[in-house]
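Convention: sequence-line order gives letters A, B, ...; per-chain numbering from 1. It should be emphasised that the depicted structure is a prediction, and the values quoted were computed from it without experimental measurement.
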There are 4 protein chains.
Amino acid sequence: MSKHFSTIAVMGNHEDQQALDSVRSLLEHLNSLGLTVAVSESLPTNALPGNTPQRTDDLLLDGADLLVAVGGDGTMLRAARHAALHGVPLLGINRGRLGFLADVSPEQMQESFEQILTGQFRKERRMLLRAEIYSGDAATADGLAMNDIVLKNRETGRMLEFQTIVDGQYVNTHGGDGFIAATPTGSTAYALSCGGPIVEPGMEAIVLAPICPHTLSDRPIVISSQTTIEVTLTQDDGTRGEVSADGKFVGELTAGERLNIVAAEQKVDLIHPQGYDYFGTLRSKLYWGRDTRNRNRRPID
Amino acid sequence: MSKHFSTIAVMGNHEDQQALDSVRSLLEHLNSLGLTVAVSESLPTNALPGNTPQRTDDLLLDGADLLVAVGGDGTMLRAARHAALHGVPLLGINRGRLGFLADVSPEQMQESFEQILTGQFRKERRMLLRAEIYSGDAATADGLAMNDIVLKNRETGRMLEFQTIVDGQYVNTHGGDGFIAATPTGSTAYALSCGGPIVEPGMEAIVLAPICPHTLSDRPIVISSQTTIEVTLTQDDGTRGEVSADGKFVGELTAGERLNIVAAEQKVDLIHPQGYDYFGTLRSKLYWGRDTRNRNRRPID
Amino acid sequence: MSKHFSTIAVMGNHEDQQALDSVRSLLEHLNSLGLTVAVSESLPTNALPGNTPQRTDDLLLDGADLLVAVGGDGTMLRAARHAALHGVPLLGINRGRLGFLADVSPEQMQESFEQILTGQFRKERRMLLRAEIYSGDAATADGLAMNDIVLKNRETGRMLEFQTIVDGQYVNTHGGDGFIAATPTGSTAYALSCGGPIVEPGMEAIVLAPICPHTLSDRPIVISSQTTIEVTLTQDDGTRGEVSADGKFVGELTAGERLNIVAAEQKVDLIHPQGYDYFGTLRSKLYWGRDTRNRNRRPID
Amino acid sequence: MSKHFSTIAVMGNHEDQQALDSVRSLLEHLNSLGLTVAVSESLPTNALPGNTPQRTDDLLLDGADLLVAVGGDGTMLRAARHAALHGVPLLGINRGRLGFLADVSPEQMQESFEQILTGQFRKERRMLLRAEIYSGDAATADGLAMNDIVLKNRETGRMLEFQTIVDGQYVNTHGGDGFIAATPTGSTAYALSCGGPIVEPGMEAIVLAPICPHTLSDRPIVISSQTTIEVTLTQDDGTRGEVSADGKFVGELTAGERLNIVAAEQKVDLIHPQGYDYFGTLRSKLYWGRDTRNRNRRPID
């Protein structure tokens, strides 16, 4: 049988026993199929089958043609950055609860895997965002995100004031808790909690969402992924912002510095089992169709 | 056994077979307890035990000391207006799904009823709103609502423009689809879909919520229930509004007329079984604590 | 001087004296430049310079290479449908107040026009939506919209229940006041009042926004403009919906019928004077940067 | 002339030259009226008329029967806490821009003051909130707020998870950026940016507003001011919250500790000039009635 993938790299949430159990059972299955595997060093050796080769995350994807991540969407975000940087497709196995990104359940894992190896899968390309903090002309920090780049206030109890520029055009001066630039993938994460729209994952779009904006008409904007976004603080009173990429600290932003956000050159290919249904995942995770508030606004008389 | 209630009036949703079954089983139980019952004429006689006395809704509550409504929250709204006008407390039996107002399930019906008859219940007073449409000094239509008074556009595709005055003080000129004045009870109904807050049921408060307001800062306002609200249209181009009370048509509102909204003199006493938990109902109906979106904004590294 | 446009069609808001004054002054200017003009029959002849040729709107654009609309954004929406159907670019002259679409003020009219004739302008392509109502396989009504296609309840006090399908994939079953499909142009109109995002005008995107949705997690979705949207009612109780395109009635939607929404084949080219600034228009119309609520969340101690 | 106030304490924003100028001019006026004054030590002596008595803020209000604060709403919040603790009414003079709390302009200052001294004013009582952090039975920190008590995440990129209990009844377990308990006064400040309603200032109510909640149905709740609110973290992973009162740091909240919020015993009496109009202030600060988005959803045909 010609297999679509032959060298499989595996990452997982090492703090979660259920994920570790799934990793072990996955590895046993992959071994039985005669596939070559490499496992992240961050997973405890005694949780793995004997003689499982382990590597640092930096080397994990060398020679791999598929990355499997086992855990929640947090594990998937980390895996996605590695997958994007190495151009390796990514499959996510969840911890028994449907994830936006990890959509194979442990129970379906074996069956899904066999289908995937015979080419029965759906490949879906997702964009990422790159953030760079500039002090003058020098980039002092950068980060890569599959969900979002977030600028927040580092101080308590004060608004952050900042301005946004899109492709050289001044957009707005904002006051509030901060600012999110989200990919379509990230539109269902933090940005959704801040009033942003859900954006179909295949769109080449970026959501710009202010966080708790002072001005009530300061609403989320959807722009093209071809755009360069620049954010600078407008206060000169020592207020500091904090930039993160998928929740990971990138650096501070102070007055005089500049945060640049663009679509990353790298993309990640998600591997879904057949029957993948984005809107089905939305329905499941947002409890659509199951709200039980009184639907009879007008009583029957 | 001294019983807290001896003459029981019963209403129900006559279009719902499950409600009719519950009514029959309820009546058999009430008969076995030797209670006097009267049943709404709107219920089909053949769905009731033999010799059940039936009356028009207008006479149903004469002499009754408890009204039991069987159905969804729509049935409860209708029953609540009758209960309020006659000063009779109201107990709601739902159709197997927790309601905001009908909180006794058919399964618990017998047990709850026996507890209630021995005084083991919680009485909770709820306010209602009264709407009156004035043409000059003459009230031309009025309505009573436990949830809300709603003004909406009667025309398609045009905004309704209207102004609100509270206790003689000009509040705002609004443009949009219309306007809701909701009781705390109604705060979890239509007003919640329009961005209004949840208001604890015991508060003496009215929520004023614009519907799809043109001005983004035109936000819901919570005012005292002691307040008189006046609404008038500000366009003189033939646009007509439509006023409803708990979804029931009250009348049209045209330029030159005035919609007055005040807390009704009447209140309704809801009878809850012991262990009633308002926030528990909210949690159940709003899926609190069960949203399954990715909670890991920051991946574990 | 070689002119970019030689035959100019003119429409205007015939109910607005200021618009009529601007039309007259525009026509005098166009005449003095030796351009050929044709004016909509809907404008009163006595408000025009003598011997101005007038035509029905259907014939107005035959042979024209530019359509000028004088009025508010409502006039522009009507003009845009004509412009799109005839493939003629559109320039908007407002009534002294910046419009999203009509961005030349009466004061700047002459100067802008001279620049535009010498090629100093910016052409911006905007997409439109087409709605079709199907009863079985037969389309019974259709409409074209630059802003939005809207489905609303025709009845009072009841929720509309409907389901949405996107490219054959089931999305959701919604309950509420209705549903908006908006172009990027329309994202700042009704959809914005319903919680939708602002979408950059050049994006090939459609905003699907529920109107006052019963389910609080039923949020706006942004999808590709290449998508076919199908909406059907899910109640079989006689509830009727009403479909409009840019606020103009298209037809009723009843159970068993289907509303189809797609990007129209036709597009419209807006002609802007140089210096056109979309975000500047947003800032002006949404009062960005001018909210005066207390910005000091933390007092100085 | 019998004066309503004879001993006037004055605070001001010492970082704002315009406020300092107003303080000087106010003091000269008060001196000319023969009133006894005392000025906060935080104001620079050289900005004051000669021989102005200065005191620490702690002693400033001893013997005073009116506190005048000059500055923005931030200065007013600080002044309000002092005024509440000493039971002295408070008058606010703004910096030329209407404030929610400081509603006398520098230009009207002299005239307003003379009216106020002759009893022509409106006294309006506002509630405050008290926050206490408990470690076991011991309160380890507390704060007083006229606007709001805020709990926020101290860490970057992770949600805060916490539960709320109201008068001993469990309300909800929340995930998000944090939580606001706001007075009616504070309902137009930070809580409004988080989707909370505007609450009429005289209401005895508290707004509980989650900040960027993960669960989309986790909406603001309005409860009685007689209620005790308890908040505890539900994660045991070292996540720390941060509690502030009117933006001023109160203390950290860690797992095992408890944040208690109640209406403060103290209230503050705001002194307004005659003609004070709360809704007028709202209209001015929220740009009501001046939104210029296209109001013509339906074009004229």
### For B:P213 against C:S193, the heavy-atom pair lying closest together
O-OG, 2.9 Å
### Message
Going by the rule ring pair (Phe, Tyr, Trp, His ring centres under 6.0 Å), which residues pair with C:F162 if we only count those two or more places apart in sequence or in a different chain?
### Response
C:H174, C:F179
### Query
At what distance, to the nearest 0.5 angstrom, does CG of C:L286 lie from CG of B:L216?
6.0 Å
### Query
Out of curiosity, B:H214 NE2 to C:Y190 OH, how far, rounded to the nearest 0.5 Å?
12.5 Å
### Message
Take a 6.0 Å sphere around CG of B:D237 and say whether it holds more than 12 heavy atoms from other residues, nucleotides or ligands.
### Response
yes
### Query
Do C:D177 and B:K152 touch side chain to side chain, with heavy atoms closer than 4.5 Å?
yes
### Query
Under the salt bridge (Lys or Arg N to Asp or Glu O under 4.0 Å) test, which residues partner C:E230, sequence neighbours left out?
C:R258
